[in-house]
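Have a look at the structure below, then the notes.
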Amino acid sequence: MIEKYNPPEIEEKWQSRWQETRLYATSEDSDRPKLYELTMFPYTSGDLHIGHWYAMAPADVHARFMRMKGYNVLHPMGFDAFGLPAENAAIDRGIHPYTWTMKNVENMRRQFRSMGAMYDWSREVVTCLPDYYQWTQWLFLKLYEAGLAYRAKAPANWCSGCQTVLANEQVTAEGRCERCAAAVIKRDLEQWFFRITRYADELMQHEGLDWPERVKTMQRNWVGRSEGADISFSIEEYGLDEKEIRVFTTRPDTVYGVTFMVLAPEHPLVEKLTSPEYKDRVDDYVNRARRRSEIERLSTERERTGLFIGAYATNRLNGEKVPIWIADYALLSYGTGAVMGVPAHDQRDFELAKEFGLPIKVVVAPDGWRGEDLEEAHEEPGTMVNSGPFDGLPSEKGKDAIVAFMEKDGCGKKAVSYRLRDWLISRQRYWGAPIPVVQCPRCGIVPVPEKDLPVLLPQDAEFRPTGESPLKYCESFVNTTCPACGEQAQRETDTMDTFMCSSWYFLRYASPQHSDGPFDPEKLKYWLPVDLYTGGVEHATMHLFYARFFIKALRDMGIVDFGEPFIRLFNQGKIILGRQKMSKSRGNVVSADEYASEFGADAVRAYLMFIGPWDHGGEWNDNGLVGIWRWLNRIWNLVLAEATGTLRLDQDEELCRTTHKTIKKVNEDLERFHFNTMLAALMEFSNYLARVKETSAVEGSPAWREAIDSLLLLLAPALPHLAEELWERTGHAYSIHHQPFPAWREELVAEEEFTLVIQINGKVRDKVSVPISISEDEARKLALSRGRIKAQLGDRRIVRVIYVAGRLVNIVVK
RNA sequence: GCCGGGGUGGCGGAAUGGCAGACGCGACGGACUUAAAAUCCGUUGAACCUUAAAGUUCGUGCGGGUUCGAGUCCCGCCCCCGGCACCA
């Protein structure tokens with residue numbers, strides 16, 4: 001009897017050995033081509049659950065595969081360690097965020113180790129440690145110097161749950177906080193922003209990137225570029241400093257159809273233009289709109305509200321005077337915060353006009369229009385009417401014609417508008433990297449000099465969520481001297497959005513201990529950009545978007561020499577349980593530890609890959625794991641049990657061919673991340689080998705030896721512990737993970753025979769095994785001579801015979 | 001509403017326009033066992049036909065089309081999942 005397969009024992013054994021021998025250490029001096037394969041690092045929540053394994057284990061398999069294929073692979077791991085949960089733990093349980101985070105890091109390192117991944121831990125980064133965030137601060141200063149960081153008062157997204165502001169990207173479509181799902185409201189606050197909008201056009205381009213189409217689409221939608229015109233309407237008669245209202249429109253061809261103006265309720269001109277008798281009502285409307293969260297705005301959808309403010313603007317193209325309204329469908333944050341009301345050709349304007357009895361003037365006639373009233377806005381192109389000199393033009397041409405005219409006249413010009421807003425990066429919380437600036441009463445905003453970095457987080461802050469940064473109440477932190485004039489000054493107390501930490505961590509892995517800068521330029525040049533990045537699709541318009549902005553900004557400052565951080569991107573699917581996404585807050589987390597300690601990490605890794613295509617995700621199901629567990633035991637026995645077969649091994653050739661066909665299949669599947677079919681092919685192969693071993697005396701057969709060695713090598717990326725153990729037990733030298741991946745020989749893959757399918761009218765009627773060299777004539781003759789076919793044909797007339805080499809003969813009859 | 005991705009046995013899923021359902025789970029039958037678990041062997045899309053051997057028909061969300069041949073390509077619809085959405 002052979003020993004039983006005992007994963008806890010062998011997995012622990014190899015994890016220790018790998019660590020002691022630094023098997024996975026990566027260096028830059030290698031003749032092999034470099035390959036940087038990165039998996040998104042986890043937040044330090046404290047536990048790696050099955051969802052993390054699903055993201056990381058298959059990525060590890062691919063990285064191992066590429067290493068065996070001869071690449072010098074960098075496959076690092078680290079921790080995204082700043083963020084609110086740490087601070088909430090401090091508030092709820094009185095644990096310092098640092099203590100809480102580092103304890104979690106400790107536990108997660110242990111869990112990572114038990115997964116058996118090939119991470120080079122000497123390159124680990126932890127974003128909350130000063131030797132990391134010092135460089136996050138340094139990068140902030142660089143962006144500030146480049147004019148890409150600025151402070152401004154603006155309506156910001158305020159999350160009442162997190163008691164801090166959020167970037168637009170962190171607010172869901174329902175107007176809720178991306179993290180805590182609390183309602184988000186608008187608040188006017190002084191905040192720090194990054195000018196990501198400067199890169200709007202470039203961020204829409206994905207040239208040279210091998211990224212999923214949907215992520216590129218999401219990013220393009222997020223930027224939301226619209227081409228049109230800025231048009232000004234005169235308000236000269238009110239004697240204000242502002243002589244005009246500027247609107248952005250994508251439909252300059254409809255400017256003759258303007259019958260009113262709409263200002264966003266928060267628009268600065270509202271107060272100045274409102275006539276006294278409307279003031280109370282307008283104030284009331286504005287206040288209600290301001291207080292309303294995005295959710296409420298959406299829930300009142302379709303019910304058009306608006307209010308005339310008692311003022312008029314003049315359409316400079318036709319001299320018409322139109323009333324000025326406010327309505328909350330005009331958004332201050334988009335375009336100029338003002339809209340020209342063209343009810344005939346914009347559905348929202350149409351609804352407002354209907355609701356309040358405003359005139360509807362058709363200027364782009366639908367086909368066959370006879371002057372009748374419209375049932376709804378006609379938004380499609382048509383022929384221009386009621387448009388003075390432009391009548392009769394197709395409206396698509398009219399756009400350019402009117403813009404050209406306005407540019408000459410000075411009342412409008414071609415313009416582009418974006419949905420994208422600048423990235424709001426300040427947070428009123430403790431557990432983040434402090435923004436390295438000082439507010440001096442004399443000098444204003446003064447950046448902290450590089451030599452004074454890091455600006456350390458004080459240990460002894462109070463973590464009460466007050467809506468202001470806890471740092472504000474920490475006098476030892478706040479009070480400082482101005483780096484410029486040396487007088488008393490105060491530090492900025494907001495901290496940075498944690499997405500800043502993750503916008504550059506992949507640069508740090510190249511030289512994580514480097515102390516003269518965020519990275520060693522030589523090493524960066526060697527490793528970057530990331531060749532393959534894997535992670536969840538949920539970061540399409542957040543992390544991935546910010547990281548691209550960062551790299552483009554650093555490129556323009558000459559700090560890096562590439563403009564895209566991630567060449568290839570692959571999004572794995574989500575693992576769900578009971579039809580729901582796994583998450584700590586839902587309490588439906590499946591702990592990987594338990595399964596790994598019972599069935600082994602190898603079984604869990606393999607099961608996750610076997611569920612289905614990696615980009616699909618799938619439901620966690622214990623039963624499936626059992627199937628893998630049985631298979632691993634069968635492999636164990638196949639390799640180690642004494643051979644009992646007695647027949648002479650006279651199928652060398654078939655054995656060889658099957659081996660090489662499997663090698664080919666596994667190589668091709670791993671290239672494409674088809675882990676599920678790779679495992680299926682290996683199951684077939686091991687089942688086949690078990691049948692051979694049962695009947696034949698395999699001992700001493702070179703073909704058998706090659707088959708078993710190949711099996712172990714092919715399994716090594718997916719089942720690193722089991723493969724290593726069996727490699728050792730079959731008398732090989734340490735380590736299997738330093739072996740080259742098996743390559744197939746094409747001449748050994750080629751079949752000598754194939755099954756010729758014979759169809760009548762496209763239906764399979766017979767099959768026959770024939771030599772691969774069969775000629776078309778022979779195949780046709782053979783097909784027609786088969787008894788079964790003759791019987792089927794009877795006396796029906798053969799119309800034609802289709803022959804597909806290597807596959808089939810199809811006899812078409814009447 | 002718009003943009004993606006899907007819909008295949010009891011389940012997860014395979015299938016360069018050419019044998020639909022690989023591989024695995026489950027189920028059923030059998031072997032081993034005092035018994036059970038574990039393990040091993042066999043059967044397993046549906047309907048029909050036959051004592052049996054074999055054979056026939058139907059079958060990849062629905063309806064059309066292209067083709068000698070369609071899960072795969074084209075047109076129209078239904079449903080599910082994800083994203084975006086008062087963006088002027």
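In this text the structure is predicted, and so the values were computed from the model without any measurement. Just so it is clear: chains get the letters A, B, ... in the order the sequence lines come, proteins before strands, and each one is counted from 1.
For B:C86, the base has a donor-acceptor partner in the side chain of A:Arg304 [N/O atoms by modelled type, under 3.5 angstrom]. Counting distance only, with no hydrogens placed and no angle test, the side-chain atoms of A:Asn221 and the base atoms of B:C84 include no donor-acceptor pair under 3.5 Å.
A:Tyr418 and A:Arg225 are linked by a side-chain donor-acceptor pair at a separation below 3.5 angstrom, with hydrogens and angles left out of the test. A:Tyr285 and A:Thr305 share a donor-acceptor pair across their side chains, judged by distance under 3.5 Å alone. With no hydrogens or angles considered, a side-chain donor-acceptor pair links A:Asp622 and A:Tyr595 at under 3.5 Å.
Nucleic acid contact for A:Arg807: base, since at least one base atom lies under 4.0 Å from a heavy atom of the residue. As judged by a 4.0 angstrom heavy-atom cut-off over every strand, A:Arg634 is placed among residues touching the sugar-phosphate backbone only. Within the nucleic acid shown, A:Asn623 comes within 4.0 Å of sugar-phosphate atoms alone, with no base atom in reach, counting heavy atoms only. At the heavy-atom level, A:Pro613 lies under 4.0 Å from the strands shown only through sugar-phosphate atoms. Base contact: A:Val804 has a heavy atom under 4.0 Å from a base atom. As judged by a 4.0 angstrom heavy-atom cut-off over every strand, A:Val812 is placed among residues touching the sugar-phosphate backbone only. Base engagement by A:Thr755 is indicated by at least one non-hydrogen atom pair under 4.0 Å involving a base atom. Using a 4.0 Å heavy-atom distance criterion, A:Glu213 is classed as making no nucleic acid contact.
The neighbour count for A:Arg634 CZ, taken as heavy atoms of other residues, nucleotides or ligands under 6.0 Å away, is above 12.
Aromatic ring centres of A:Trp620 and A:Tyr607 lie closer together than 6.0 Å.
For the OP1/OP2 pair of B:C68 and a distance below 4.0 Å, the side-chain nitrogens and oxygens of A:Arg800 include at least one atom meeting the criterion. For the pair A:Asn687 and B:G24, the criterion of a side-chain N or O lying under 4.0 Å from OP1 or OP2 is met. Of the side-chain N and O atoms in A:Arg630, one or more sit less than 4.0 angstrom from OP1 or OP2 of B:G26. Between A:Lys763 and B:C58 there is a side-chain N or O to OP1 or OP2 distance below 4.0 Å. Under 4.0 angstrom from either OP1 or OP2 of B:A54 there lies no side-chain N or O belonging to A:Arg788.
Atom name C1', nucleotides B:G13 and B:G6: the rounded distance is 14 Å, in whole Å. B:G26 and B:A35: their P atoms are spaced 23 Å apart (whole Å). Taking atom P in both B:U60 and B:A53, one finds a spacing of 28 Å when rounded to whole Å. Taking the P atom of each, B:G21 and B:A37 are spaced 32 Å apart, rounded to whole Å. Nucleotides B:A46 and B:U34 place their P atoms 37 Å apart, quoted to the nearest Å. Taking the C1' atom of each, B:U56 and B:G71 are spaced 23 Å apart, rounded to whole Å. Distance noted for atom C1' between B:C80 and B:U8: 15 Å (whole Å). Between the P atoms of B:G55 and B:A20, the separation comes to 14 Å (whole Å).
For the pair A:Trp614 CH2 and B:G5 P, the computed distance is 20 Å after rounding to whole Å. Put simply, NE2 on A:His267 is 15 Å from C1' on B:C87, counting in whole angstrom units. Distance, A:Ile628 CD1 to B:G26 P: 12 Å, rounded to whole Å. Atom-to-atom, CH2 of A:Trp620 to P of B:C25 comes out at 15 Å; the value is rounded to the nearest Å. Atom P of nucleotide B:C41 and atom CD of A:Glu694 are separated by 7 Å, given to the nearest angstrom. Between the C1' atom of B:G83 and the CZ atom of A:Arg220 lies a distance of 13 Å, rounded to the nearest Å. Put simply, NZ on A:Lys661 is 17 Å from P on B:A22, counting in whole angstrom units. The interatomic distance linking A:Asn761 (CG) with B:A70 (C1') rounds to 16 Å, in whole Å.
Put simply, the side chain of A:Lys665 never gets that close to the backbone of A:Met678: no donor and acceptor are under 3.5 Å apart. Looking only at distances, a side-chain donor or acceptor of A:Glu379 sits under 3.5 Å from a matching main-chain atom of A:Gln347. Side chain of A:Arg348 to main chain of A:Tyr329: no donor-acceptor pair is present (N/O by atom type, distance under 3.5 Å, no hydrogens or angles).
In the set B:C19, B:A88, B:G12, B:A88 carries the atom at the smallest distance from any side-chain atom of A:Thr249. With distances taken from any side-chain atom of A:Met218 to the nucleotides B:C19, B:G83, B:A88, the minimum falls on B:G83. Residue A:Arg214 has its side chain nearest to B:G82 when only B:A22, B:G82, B:A88 are considered. Closest approach to the A:Ile802 side chain among B:A88, B:G18, B:C19 is made by B:G18 (side chain taken as heavy atoms from C-beta onward). In this structure, the nucleotide among B:C68, B:U16, B:C84 sitting nearest to the side chain of A:Arg419 is B:C84.
For the side-chain contact (heavy atoms from CB on, under 4.5 Å) test, residues two or more places apart in sequence or in another chain that qualify with A:Gln759 are A:Val757, A:Val764, A:Leu808, A:Asn810.
Taking a pair as Watson-Crick or G-U wobble with both distances under 3.5 Å, RNA chain B forms stems of 3 or more consecutive pairs at B:1-7 with B:78-84, B:10-12 with B:23-25, B:26-31 with B:39-44, B:45-48 with B:55-58, B:61-65 with B:73-77.
Nucleotides of RNA chain B nearest to A:Thr217 and A:Arg765 differ in position, and the one nearer the 5' end is that of A:Thr217. Place A:Ser226 and A:Asn676 on RNA chain B by their nearest nucleotides, and A:Asn676 ends up nearer the 5' end.
Considering only heavy atoms from C-beta on, A:Trp631 comes within 4.5 Å of A:Leu682 through its side chain.
We find that A:Glu351 and A:Arg304 are joined by a salt bridge, their nearest charged nitrogen and carboxylate oxygen being less than 4.0 Å apart.
Regarding the sugar-base torsion, B:G9 falls in the syn class, its angle being within 90° of 0.
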